[in-house]
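The structure presented is a predicted model; accordingly, all values stated were derived computationally and were not measured.
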Amino acid sequence: MSQDLRSVTLFDSRTQKKRLLEPQTPGEIAMYVCGVTVYDLTHIGHARVFIVFDVLYRFLRHLGYDVNYVRNHTDVDDKILKRASEKGVDPLELAAHFIEELDRDMETLGIDPPTAEPKVSEHIDDIIAMNQVLLEKGHAYEAGGDVYYRVESFEGYGKLSHRKLEDMEAGRSGRVEETEKKEHPFDFALWKKSEDDQLGWDSPWGRGRPGWHIECSVMSTKYLGDTLDIHGGGRDLIFPHHENEIAQSEAASGAEPFADFWMHVGMVNVAEKSDDGEKIVRKMSKSLGNFWTTRDVLNGYHPEAIRYFMHTTLYRNPITYALDNLEEATRRVQYLYTALSRIDRTLDRAGYDAFDNPPEGTRLADGFDELVEGFMERFDAALADDLNTPKALALIGEIARAINEATESKSSPSDALALTLYRLRRHLVGAGKVLGMLERDPTQALRELRDLRLKAMELDADVIDEKVAAREKAREEKDWERADALRDELDEMGVEIMDSPEGTSWRLL
RNA sequence: GGCGGCGUAGCCAAGUGGUAAGGCACGGGCCUGCAAAGCCCUGAUUCACCGGUUCGAAUCCGGUCGCCGCCUCCA
């Protein structure tokens with residue numbers, strides 16, 4: 001396929017510039033994203049990466065690209081071995097368990113499954129094969145059952161992270177593992193010897209297991225070829241993980257570049273109090289122990305609210321996880337779904353189910369032409385500019401405002417207004433789909449949002465409904481004093497009352 | 001010490017050479033029995049600070065200050 005697809009500009013971390021995405025095969029995209037080392041539940045830093053690339057995946061397909069999206073699970077790793085031995089379980093079973101948990105969280109978040117999700121444990125032979133190639137080409141050496149990559153053999157080492165081996169030496173200060181086995185302190189393990197009681201596979205160098213970086217080089221090229229159009233992951237993977245992947249892949253295949261675009265997602269920060277009471281904002285990470293699991297956050301907030309929150313900041317910038325921000329995002333999602341439900345209500349009033357085939361000669365209502373006609377183009381342009389989701393959200397907000405404006409009147413809508421509402425809904429839902437939002441039935445979504453709040457506030461919907469009903473009765477009797485007293489009671493509980501011609505509804509704040 | 005990023009209204013956050021999107025909060029109005037929701041109006045002569053380039057800079061260059069990330073496992 002090579003018809004006119006909208007051109008997409010992305011920021012490439014290697015060249016540190018925005019550039020036009022020009023896939024090797026027109027119309028097709030080969031994309032690889034580093035997944036998670038599965039020894040625990042995912043945290044929302046992982047969730048951010050998954051959401052960002054989910055949007056890219058959705059957007060590229062929305063434009064008509066055929067996307068081959070591979071995201072791995074690292075299920076063989078020393079952290080997994082450590083955790084498994086602590087718990088006295090089999091490492092591969094531990095990993096399998098956390099892959100299931102990850103799948104559960106990502107499904108809840110509405111992450112579309114990638115084309116393939118390969119695991120290290122299923123590619124040991126391929127890893128051994130790439131090691132052999134690297135050994136043959138002199139880019140690797142064996143040392144006492146281990147195999148190391150010889151960083152000085154690769155001229156471009158450092159080209160992604162923009163640093164030189166010499167510069168790193170200056171700051172190393174004993175932090176890089178030095179063994180007498182290594183020729184150079186920055187040489188890294190492609191294969192590690194396993195003790196008898198450790199997980200391992202037979203290899204030409206004895207029983208062992210893969211090093212950390214090799215699995216991504218192997219799996220990406222196996223599924224997508226020697227040159228990827230896009231390779232992504234969290235910012236913190238730039239060095240050493242992605243730098244090492246380049247060294248391995250380019251040295252093994254001889255093809256350059258390994259990836260045309262390197263995309264890196266900014267860190268999720270968290271605000272904390274330091275020891276002396278100062279407010280500090282710093283990176284969320286396992287090693288700092290200041291992380292929120294995706295599961296925790298999902299227990300308190302709607303998946304679409306989490307997605308909305310992630311979309312409020314450009315993917316490359318850091319984002320600060322804060323309850324206020326999640327709550328604001330929740331209210332925005334509520335606002336958007338409320339707008340959708342207003343359309344249904346208004347169209348129902350006029351007896352319209354849909355407006356696929358508007359009556360002959362029907363035009364848009366006055367004042368809505370510009371917004372309705374150019375919308376998807378503007379929306380696509382926002383995302384085509386390096387995934388500018390904040391701008392995309394602003395545009396979505398315009399549609400919702402227009403819907404609310406168009407549904408202000410309590411009377412039956414004209415044909416023109418019905419058509420306008422129909423088109424606005426299509427835009428809102430269509431744009432939402434690209435961001436992985438607004439795909440639920442509005443009534444259902446609003447109920448889900450409400451139920452989450454009920455749970456968080458430990459309230460019972462029946463109790464609220466009773467009070468609301470009692471207030472409605474009082475209102476019918478024009479007993480304003482009693483009605484207002486009941487509303488005050490509800491208000492105390494955090495329940496907000498909304499009267500409308502269709503009756504009284506409520507929501508939680 | 002090396003490399004990279006950021007500093008835009010009370011808060012969150014786009015914009016990166018052509019004269020400051022959007023959201024939240026605040027204030028005013030419409031609607032309402034009163035509210036809420038929704039809608040309308042309202043806020044930065046200014047983009048950390050100091051110089052420079054330019055007809056023109058938040059946007060480019062140099063410097064200063066502050067914050068953050070990577071250089072060790074990390075998404």
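In this structure, N325(A) does not reach the rC12(B) phosphate: none of its side-chain N or O atoms is under 4.0 Å from OP1 or OP2. Between H162(A) and rC3(B) there is no side-chain N or O to OP1 or OP2 distance below 4.0 Å. A close approach under 4.0 Å does not occur between any side-chain nitrogen or oxygen of N317(A) and OP1 or OP2 of rA13(B). The side chain of K164(A) places no N or O atom within less than 4.0 Å of a non-bridging phosphate oxygen (OP1 or OP2) of rC71(B). For rC24(B), the OP1/OP2 oxygens have a side-chain nitrogen or oxygen of R332(A) closer than 4.0 Å. Residue Y308(A) places none of its side-chain N or O atoms closer than 4.0 Å to OP1 or OP2 of rG22(B).
The backbone N or O of Y69(A) sits less than 3.5 Å from a side-chain atom of T115(A), completing a donor-acceptor pair.
Nearest to the side chain of D236(A), among rG23(B), rC71(B), rA75(B), sits rA75(B). Across rG22(B), rC71(B), rC34(B), the shortest atom-to-atom separation from the side chain of F186(A) is found for rC71(B). Between rA75(B), rC24(B), rC34(B), one nucleotide has an atom nearer to the side chain of R331(A) than all others, and that is rC24(B). Here the nucleotide nearest the side chain of L314(A), chosen from rA14(B), rC71(B), rA37(B), is rA14(B). The side chain of M498(A) lies closest to rA37(B) when the candidates are rG22(B), rA75(B), rA37(B).
Judged by distance alone with a 3.5 Å cut-off, a donor-acceptor contact links the side chain of R475(A) to the base of rG33(B). At a cut-off of 3.5 angstrom, the base of rA75(B) holds at least one donor-acceptor pair with the side chain of H43(A). The base of rA75(B) is not paired with the side chain of R48(A) by any donor and acceptor separated by under 3.5 Å. Not a single donor-acceptor contact under 3.5 angstrom links the side-chain atoms of D167(A) to the base of rG1(B). Applying the 3.5 Å distance criterion, the base of rC34(B) shares a donor-acceptor pair with the side chain of D499(A).
E328(A) comes within 4.0 angstrom of a nucleotide base, judged by non-hydrogen atoms across all strands. Heavy atoms of N388(A) sit under 4.0 angstrom from primed sugar atoms or phosphate atoms, though from no base atom. As judged by a 4.0 angstrom heavy-atom cut-off over every strand, T312(A) is placed among residues touching the sugar-phosphate backbone only. Across all strands, L237(A) comes closer than 4.0 Å only to sugar-phosphate atoms, never to a base (heavy-atom distances). The residue G397(A) sits apart from the nucleic acid: no heavy atom pair falls under 4.0 Å. Residue contacts for F50(A): at a heavy-atom cut-off of 4.0 Å it reaches no nucleic acid atom on any strand shown. Using a 4.0 Å heavy-atom cutoff across all strands shown, R471(A) reaches at least one base atom of the nucleic acid. In this structure, K283(A) reaches the bases: a heavy-atom distance under 4.0 Å links it to at least one base atom across the strands shown. Within the nucleic acid shown, G35(A) comes within 4.0 Å of sugar-phosphate atoms alone, with no base atom in reach, counting heavy atoms only.
Of the candidates Y149(A), F239(A), Y148(A), F154(A), Y149(A) is the only one forming a ring-ring contact (aromatic ring centres under 6.0 Å, His included) with F188(A).
For the C1' atom pair drawn from rG43(B) and rG33(B), the interatomic distance equals 34 Å after rounding to whole Å.
The pair K181(A)-D187(A) does not meet the salt-bridge criterion, since no charged nitrogen lies less than 4.0 angstrom from a carboxylate oxygen. With salt bridges taken as basic N to acidic carboxylate O contacts below 4.0 Å, none links R401(A) and E398(A).
Checking A483(A) against P318(A), the closest nucleotide of RNA chain B that is more toward the 5' end is the one next to P318(A). Between R507(A) and T313(A), the residue anchored closer to the 5' end of RNA chain B is T313(A), taking for each the nucleotide with the nearest heavy atom.
Centre separation under 5.5 Å together with a plane angle under 30° holds for the ring of W480(A) and the six-membered base ring of rG33(B), marking them as stacked.
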